[in-house]
Amino acid sequence: MPATEEVRCTAEECFLDMFEVHYTYDLPDDHGIEDLSCPVCGGSALEAIEL
């Protein structure tokens, strides 16, 4: 199964508390959370939620 990651936006003005990223099998090795942006505010203040 491709990886799934739970991410939260930490920007104070953003109301999004969590979203899931579902990756494909062909994900580049150098891809990281810094390559993502918040789907609500468009910012990059993201952190992974560790379970």
Side-chain angles (χ1 to χ4, degrees):
M1 292 280 300
T4 300
E5 188 168 20
E6 292 181 339
V7 179
R8 79 173 120 234
C9 183
T10 60
E12 286 189 34
E13 67 278 358
C14 186
F15 63 85
L16 184 69
D17 61 350
M18 186 204 76
F19 66 97
E20 286 186 347
V21 179
H22 297 265
Y23 296 108
T24 63
Y25 286 108
D26 58 350
L27 181 69
D29 291 335
D30 62 346
H31 178 78
I33 197 167
E34 63 277 352
D35 297 316
L36 303 174
S37 61
C38 177
V40 173
C41 71
S44 60
L46 303 174
E47 67 179 29
I49 299 172
E50 302 296 325
L51 299 176

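The CD atom of E50 lies 10.0 Å from the CD atom of E6; values are rounded to the nearest 0.5 Å. One distance of note links CG of L16 with SG of C38; it measures 4.5 Å at 0.5 Å rounding.
Residues forming a salt bridge (Lys or Arg N to Asp or Glu O under 4.0 Å) with E47 (at least two apart in sequence, or on another chain): R8.
Between V7 and I49, every side-chain heavy-atom pair lies at or beyond the 4.5 Å cut-off.
The only option from D17, L36, L46, V40 that meets the side-chain contact (heavy atoms from CB on, under 4.5 Å) definition with C9 turns out to be L46.
The backbone N or O of S37 sits nowhere less than 3.5 Å from a side-chain atom of S44 that would complete a donor-acceptor pair.
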